[in-house]
Peer 1: 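Take a look at the following structure, please.
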Amino acid sequence: MEVKNNENQTSLIFAINGEKFELSSVEPSTTLLEFLRTQTRFKSVKLGCGEGGCGACVVLISKYDPFLDRVDDFTASSCLTLLCSIHGCSITTSEGIGNSKQGFHPIHQRFAGFHASQCGFCTPGMCVSLFGALVKADKNSSPEPPAGFSKINVSDAEKSVAGNLCRCTGYRPIADVCKSFAADVDMEDLGLNSFWGKDDSKDEKISKLPRYDRNHDRKNIEFPKFLKDINHDLFIASEKHYWHKPTTLKELRRLIKLNHCNKTKIKIVVHNTAMGYYKDRQGYDKYIDISGISELLKIKKDRSGIEIGAAVTISKAIEVLREENRSDFISDYVMILQKIADHMNKVATGFVRNTASVGGNLVIAQKSKFPSDIATILLAADSMVQIMTGSKFEWIALEEFLESPPLAFESVLLSIKIPCLETIKSESSATRGRFVYETYRASPRPLGNALAYLNAAFLVQVSSCKDAHGTMIDTCRLSFGGFKNKRAIRAKHIEEFLAGKLLNVRNLYDAINLLKASSTIIPQDETSESAYISSLAVAFLFQFFNSLIDSSARKTSGYLKGYTHLPSVKASDKKENQNRVHPNKSPTLLMSGKQVIVPGSEYSPIGKPVVKSGAVLQASGEAVFVDDIPSPPNCLHGAYVYSEKPLARITSIKLRQELELDGVRDILSSKDIPSGGENLGAKIFFGAETLFAEEIARCVGDRLAFVVADTQKLADFAANSASVEYSIENLEPPILCVEDAVNRSSFFEVPPSYQPKNQIGDISNGMAEADHKIVSYEMKLASQYYFYMETQTALAVPDEDNCITVYSSSQNPEYVHSTIARCLGIPENNVRVITRRVGGGYGGKSMKSIAGAVSCALAAHKLQRPVRMYVNRKTDMIMVGGRHPMKITYSVGFNNNGKFTALHLKVLVDAGIYPDVSAVIPQKIVGAIKKYDWGALSFDIKVCKTNQPSRTIMRAPGDVQGSFIAEAILENVAATLSMEVDSVRNINLHTYTSLKKFYEDSSGEPLEYTLPLIWDKLAVSANYELRVNKVKEFNSINIWKKRGISRVPVVYELNVKPAAGKVSILSDGSVVVEVGGIELGQGLWTKVKQMAAYALGTIKIDGSGSLLDKVRVIQADTLSLIQGGATADSTTSEASSEAIRLSCNILVERLKPIKKTLQEKMSSIKWEDLILQASTQAVNLSASSYFVPGNNSVNYLNYGAAVSEVEIDLLTGETRFLQTDIIYDCGQSLNPAVDLGQIEGSFIQGLGFFMLEEYETNLDGLVLEDGTWNYKIPTIDTIPHQLNVEIVNSEHHQNRVLSSKASGEPPLLLAASVHCATRSAVKEARKQLHSWSNLDESDPTFQLGVPATMPVVKELIGLDIVERYLKWKMDNK
């Protein structure tokens, strides 16, 4: 397309952190995130998902309103915000809030001080989300808060980060940071931090917090004056593309008419948030931004209702609907508007609602069948929409709009109207009919950031029926929506059935049966998903109408316990209704938790809760991750073409022709491996993995080719649009499950040294002695995705003399290094791999990081240009494999008292297509299963080779499955014997004698076996017995909610690996430390710094006791420090610390003679003087060491226990996590604050595995959950309402590193307590269900699947529970 000179062409003008940017040419599809990361120095905004679903890229956008002479501030996802849409705006990132040069903001300081940043990748986005909430709150008209606080309240402060994902911390300390700014915070509710001591008074605590001054702390983001005077009309033309921003409907009509006939590809945008769900599969010639058209931004209120312009954001609509000054409206209407606003507030996230428009949401619902909540709730309210087609304007019902064909290009949705209700005329106001309106959504996350399984909204006009003494339904509108490929729809036949009927159990029962039979409302495909949706529709209808049947029935049924009361027909209930609409105070998400630690003093600063190294830099966004490194000149970007078939011959790979001519520089495959090199993607002692498939792709996600292009966006686009031709001729069918692997004897060999001892005790005798047996019982466990916030990334830079430097986000730089050398066919001393920090790993950046670095190195080596890659989230999820799925078959013998006598176990582990490190899994499974005394134990574990993506280690690999298998068996035994589960656990806990029998060399000394002490201590501190009784009482009086409580132990076998370390003291006394261990967020650098300060401090001179601030840990460099090993198994921190201690000891010995000489000359010696003298005397001030654990310290056991209490909703299957109490043995903790963070974060990741995270594949092995829309890790609203953690400093363990123990992985296993508590609650629900049917005791040996998602729980409770309840009520009248 030619670009014509146009005198009206304007420049795009905006500011970032106060700096002016003026662009005359912009590619219109460029996002703000892309611009920030590639064209500016501001790198705090991160690419986490590209869907607006994680919050890593959140920025604050400030916009001047010349009519009101005010600046509006709102947070937004920069990954969805198109750059051209920010014309005239000021953008603030976390660096703009504060930084190391101008001073950190109190938000940054508090994130560090509350230990709320671990890997740090998500932290800048969290900071901006919180900052945006503070800015908004401080602009309202609320009373002035106390000095140092914001006007924000605790509830809103917590919710400010509800859309931000964090995989490390577990959210509890993040919530504390947020709450610390709230005017209504109770300082006693704030958890462990570095600001105050536990004995400080409230005033002392407030004085020690980094002070917040809303006026001073906003100076960095004052709105630039130059932006107030610019012209907001915008027309930008580049070589191929145009961007128009009309300001009137007339101008919009002209643009539409002008371009309609010339086949121009046009995209109409408001704020582009739909791109988060519907990715652009094509380019556009012209973009028309309608967000500045005044007619689309109007908000009109009159007696007929409220009209909202289509371009009005969802957040603005919520604000308008919640305004209380509506004297023109009747109270029922106010209630309806409030309900609509409340429901809208659960749509998406705050930073998406701030830019997403109401009209845009309805258009994608109509055009693409987007599962819109807004369409559903407005449909029930009888809303209207206004459409402009050419010069024609018309109002139509929303229902008609949704049923119509997709809106034509020349048609534009202008506004939406929620009509006011007509009052019902009658002689007496006392008998006047009233309206009742309610909305519902069942979703994996209560606060949004998740599509609903189903949503619904009901508007009913009811009146009192004197003759029948009940409630009469006059009219009703019932709408349902949210299910897949279905638009929001009214249940008209149910409406017709109920209209004019008395509301009673029989009519409700009949209405529900009508609903279930409706193919237009309920999916009829007989899948478990459809059955669940059907049960939800029934539940919503029941929940709404049952509360209206009659007041006395409600009070006696116990139904409304925990539910919102619906307004009664009686006028006397009006006050209650108003309180419900305008509650006095919003409930908080989290209660105060307790963190109990005992700081050590013997090896100071070891044992102190020191703030994590670099935490404040992570908060400001100045901490540099691999993708933050500025691109070298001529840098290219890579993306994978991967197989979409599980086993197929590749016959051709073709790119779209236009892409080959437009910035795509090469496409590499196995044919591009240099002479003397190997097609190697990973190589370890268990086997090799190819870099690229050579002829045959062996799994979905197998790497076929590497596209190299000028930009990452172009590389991704080219790879996604590549055409791959496959052939399956003469190939056997793929092996896609472990059963097929067994049938075809497809297994990986496990080396003898990794084979667990296959029998403990005499299994035959054990089975013979048993009073009872459960034989050949089967269960399955699914996979889990890492969801590190930073996906796989690398940068390769070619150097002189056939050398190459690679920056890799890897837990395993040593293996990256050697694999690159072998692939390129060059000596290892030609390769340098550098890793500074990793944005989350959890095992996924160990072996899986290698291929990405090798691919970039190969491309850089061939093209002699730098090449980098940042894998997009979808590709990462498809290729990376995740946790090992497995099938388990067990036979267990046990006595009448619940004591185990024998267990035989068969496990089939799905390892995928390549060996990776799957050979370690059998040993890990067995190590965790041995947590109980089984009497005798035998097992047969096979590692199956299938045509699935290769699985690799993930936090607590094999251990979490093994521990859960033990719990599942124990629960089954307890159910079979009708015993309390906790009693069975008690009787099967190890004595030290049995522990020694099962764990042999790992068991340690008797005093080290702390589990019995922890077990009993937890029962007291968690009030376990009292709460068990309270749970029973709750369950006896509540029909529709049930609680469960469970106590679970963990015994975790750890292995300490060798570690390298190096310490150098510079001439000014500052210290540089190098370790092979990688900082992943687990605080390794912090513990290493503490160890260096302690060990060097043993020289005992003036100032040597405060060396911590002089120590800097630097990035891992595989040429500077060799034999770095892999950062895994939770023990790298302690091993690296010990390597540093050994290095420091060498230096201290070298310094002692200098110290002695100086002491003879002066009474006081400063550290700096000692080092200067040593340097002058040519003392070697650099020392390295290689720590190799001895036989008596290489293995040890960790212990802990947890009590969790949950509450399940029998109507939806939702599980609320009420409270978790954890006690964990860290030995003598090297840093209790770091260990506390590891315990909490690990536990919450385990909660995700057991309860939330589905990572399923289709029949070919292609991952179905491939982004934030369908893969749901825990969020701040899905963690325990109260989380209490106590770290036990147990007896000294002389064979440990300064008596410490690891904390990274074992606590993950304790999340099984949540699953077991859920099973307990489900058991109570099933008992109740069977009692309604007059059946014998329900089967207590049911299986609760993993993850125990809402559909899984509901299916076990009973999908027909409502129908059976109503039938029971009718039968027992």
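Sequential numbering from 1 along the given sequence is applied to the chain's residues.
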Peer 1: Before you tell me yes or no, could you show the steps for Tyr842 and Phe787 under ring pair (Phe, Tyr, Trp, His ring centres under 6.0 Å), namely the whole-Å CA-CA distance, both residues' side-chain angles and the distance that decides it to 0.1 Å?
Peer 2: CA-CA 9 Å; Tyr842 324 112; Phe787 216 104; 9.8 Å; no
Peer 1: Kindly indicate, with the supporting measurements, whether the criterion side chain to side chain donor-acceptor pair (under 3.5 Å) is fulfilled by Asp1277 and Thr1275.
Peer 2: CA-CA 5 Å; Asp1277 55 337; Thr1275 43; 2.5 Å; yes
Peer 1: Report yes or no: is the cationic atom of Arg883 (NZ for Lys, CZ for Arg) under 6.0 Å from the centre of the six-membered ring of Tyr1255, at an angle within 45° of the ring normal?
Peer 2: no
Peer 1: Can you tell me if Asn988 uses its side chain to pair, donor with acceptor, with the backbone of Gly898 under 3.5 Å?
Peer 2: yes
Peer 1: Can you name the closest pair of heavy atoms from Val1048 and Leu1310 and give their distance?
Peer 2: O-CD2, 3.6 Å
Peer 1: Give, for atom OH of Tyr1009 and atom CG of Leu1197, the distance between the pair rounded to the nearest 0.5 Å.
Peer 2: 9.5 Å
Peer 1: Let me confirm one number: the CE-CD1 distance from Met886 to Ile921, rounded to the nearest 0.5 Å.
Peer 2: 6.5 Å
Peer 1: Taking side chain as C-beta onward, heavy atoms only, is Phe747 less than 4.5 Å from Cys944?
Peer 2: yes
Peer 1: Starting at SG of Cys699, measure out to CD1 of Ile913 and round the result to the nearest 0.5 Å.
Peer 2: 6.5 Å
Peer 1: Taking C-beta and beyond as the side chain, do Leu1247 and Ile1279 meet within less than 4.5 Å on heavy atoms?
Peer 2: no
Peer 1: More than 12 heavy atoms of other residues, nucleotides or ligands under 6.0 Å from CD of Gln755: is that the case?
Peer 2: yes
Peer 1: For Ser891 and His904: C-alpha separation, side-chain torsions, deciding distance, then whether side chain to side chain donor-acceptor pair (under 3.5 Å) applies.
Peer 2: CA-CA 5 Å; Ser891 297; His904 178 65; over 6 Å; no
Peer 1: Okay, side chain of Ser1242, backbone of Gly1304: is any donor-acceptor separation there less than 3.5 Å?
Peer 2: yes
Peer 1: Testing the basics here: between Ser1002 and Glu1053, what is the closest heavy-atom pair and its distance to 0.1 Å?
Peer 2: OG-OE2, 2.6 Å
Peer 1: What distance separates Leu1359 CG from Leu1356 CG, expressed to the nearest 0.5 Å?
Peer 2: 9.0 Å
Peer 1: So, do Lys906 and Ser776 sit near enough that their side-chain heavy atoms are less than 4.5 Å apart?
Peer 2: no
Peer 1: Please report the closest heavy-atom contact between His884 and Ala911, naming both atoms and the distance.
Peer 2: CD2-CA, 3.9 Å
Peer 1: Evaluate the criterion salt bridge (charged side-chain N to carboxylate O under 4.0 Å, His left out) for residue pair Glu967 and Arg985; output intermediate values, then yes/no.
Peer 2: CA-CA 9 Å; Glu967 297 302 339; Arg985 285 197 177 95; 2.8 Å; yes
Peer 1: Evaluate Glu1265 against Glu1253 for side chain to side chain contact (heavy atoms under 4.5 Å, CB included), listing each step before the verdict.
Peer 2: CA-CA 9 Å; Glu1265 287 81 17; Glu1253 299 173 36; over 6 Å; no
Peer 1: Working note: Glu689 + Met847, criterion side chain to side chain contact (heavy atoms under 4.5 Å, CB included); need CA distance, chi angles, decisive distance, verdict.
Peer 2: CA-CA 10 Å; Glu689 176 178 333; Met847 305 312 298; over 6 Å; no
Peer 1: Verify, without hydrogens or angle tests, whether Asp1260 (side chain) and Leu1262 (backbone) share a donor-acceptor contact under 3.5 angstrom.
Peer 2: no
Peer 1: Please confirm whether the backbone N or O of Ala1302 pairs with a side-chain atom of Asn1198, one donor and one acceptor, at under 3.5 Å?
Peer 2: yes
Peer 1: If you measure from CD1 on Ile941 to CG on Asn758, what distance do you get to the nearest 0.5 Å?
Peer 2: 10.0 Å
Peer 1: Let me confirm one number: the CG-OG distance from Leu1218 to Ser1204, rounded to the nearest 0.5 Å.
Peer 2: 10.0 Å
Peer 1: Locate the shortest heavy-atom distance separating Arg955 from Gln1238; write the atom from each residue and the value.
Peer 2: NH2-OE1, 3.5 Å
Peer 1: Is the shortest side-chain heavy-atom distance between Asn972 and Gln1343 below 4.5 Å?
Peer 2: no
Peer 1: Is it true that the NZ or CZ of Lys930 lies under 6.0 Å from the centre of Tyr999's six-membered ring and within 45 degrees of the ring axis?
Peer 2: yes
Peer 1: Can you label the angle between the Tyr754 ring and the Phe686 ring as parallel, tilted or perpendicular, going by 30° and 60°?
Peer 2: perpendicular
Peer 1: For the CZ atom on Arg1364, are there more than 12 heavy atoms of other groups (residues, nucleotides or ligands in this structure) within a distance under 6.0 Å?
Peer 2: yes
Peer 1: Tell me whether Lys1042 contacts the main-chain N or O of Ser1320 through its side chain, where contact means a donor paired with an acceptor under 3.5 Å.
Peer 2: no
Peer 1: Apply the test side chain to side chain contact (heavy atoms under 4.5 Å, CB included) to residues Leu1252 and Ile1273: give CA-CA distance (whole Å), side-chain angles for both, the deciding distance (0.1 Å), then the verdict.
Peer 2: CA-CA 7 Å; Leu1252 301 171; Ile1273 71 170; over 6 Å; no
Peer 1: Please find the pair of heavy atoms, one from Thr1220 and one from Pro1280, that lie closest to each other, and give the distance.
Peer 2: OG1-CG, 3.6 Å
Peer 1: Indicate yes or no for a side-chain donor-acceptor contact from Asp1129 to the backbone of Asn1055 under 3.5 Å, with no hydrogens or angles considered.
Peer 2: no
Peer 1: Could you walk me through whether Tyr1199 and Trp1015 pass the side chain to side chain contact (heavy atoms under 4.5 Å, CB included) check?
Peer 2: CA-CA 10 Å; Tyr1199 307 104; Trp1015 190 250; over 6 Å; no
Peer 1: Once the angle between the rings of Phe1250 and Phe964 is folded into 0 to 90°, is it parallel (under 30°), tilted (30 to 60°) or perpendicular (over 60°)?
Peer 2: tilted
Peer 1: Could you tell me whether Arg1043 and Glu1207 have a side-chain N and a carboxylate O separated by less than 4.0 Å?
Peer 2: yes
Peer 1: Look at the side chain of Gln961 and the backbone N and O of Gly958, then say whether any donor-acceptor pair between them is shorter than 3.5 Å.
Peer 2: yes
Peer 1: Between the side chain of Arg445 and the main-chain N/O of Pro1274, is any donor-acceptor distance below 3.5 Å?
Peer 2: no
Peer 1: In terms of relative ring orientation, are Tyr785 and Tyr1271 parallel, tilted or perpendicular, with 30° and 60° separating the classes?
Peer 2: perpendicular
Peer 1: Compute both the distance and the angle, then confirm whether Arg1319 meets the cation-pi test with Phe1342: under 6.0 Å from the six-membered ring centre, within 45 degrees of the axis.
Peer 2: yes
Peer 1: As a quick check of understanding, evaluate side chain to side chain donor-acceptor pair (under 3.5 Å) for Tyr914 and Asp702, giving each step before the final call.
Peer 2: CA-CA 10 Å; Tyr914 299 115; Asp702 215 2; 3.1 Å; yes
Peer 1: Any pair with a residue in residues 1351-1362 that passes side chain to side chain donor-acceptor pair (under 3.5 Å), sequence neighbours left out, goes on the list, sorted by first then second residue, please.
Peer 2: Ser535-Lys1354
Peer 1: Using 4.0 Å as the upper bound for N to carboxylate O, is an ion pair formed by Asp933 and Lys899?
Peer 2: yes
Peer 1: Decide if atom NZ of Lys924 counts as having more than 12 heavy atoms of other residues, nucleotides or ligands within a radius under 6.0 Å.
Peer 2: yes
Peer 1: Of all heavy-atom pairs between Phe1249 and Ala782, which one has the smallest distance, and what is that distance?
Peer 2: CE1-O, 3.7 Å
Peer 1: Check for a donor-acceptor pair, side chain of Trp934 on one end and backbone N or O of Phe998 on the other, with a separation under 3.5 Å.
Peer 2: no
Peer 1: Would you mind checking if Glu739 and Lys780 are paired as a salt bridge, meaning a charged N to carboxylate O distance below 4.0 Å?
Peer 2: yes
Peer 1: Heavy-atom distance under 4.5 Å between the side chains of Val538 and Glu1363, does that happen here?
Peer 2: yes
Peer 1: Kindly indicate whether the side chain of Val1285, heavy atoms from C-beta on, has any atom under 4.5 Å from the side chain of Glu1240.
Peer 2: yes
Peer 1: How are the rings of Tyr786 and Tyr788 set relative to one another: parallel (under 30°), tilted (30 to 60°) or perpendicular (over 60°)?
Peer 2: parallel
Peer 1: Is there side-chain contact between Leu970 and Phe900, with heavy atoms separated by less than 4.5 Å?
Peer 2: yes
Peer 1: I'd like to know if the side chain of Tyr453 and the backbone of Pro444 have a donor-acceptor N/O pair within less than 3.5 Å.
Peer 2: no
Peer 1: Any side-chain heavy atom of Leu736 sitting closer than 4.5 Å to one from Thr946?
Peer 2: no
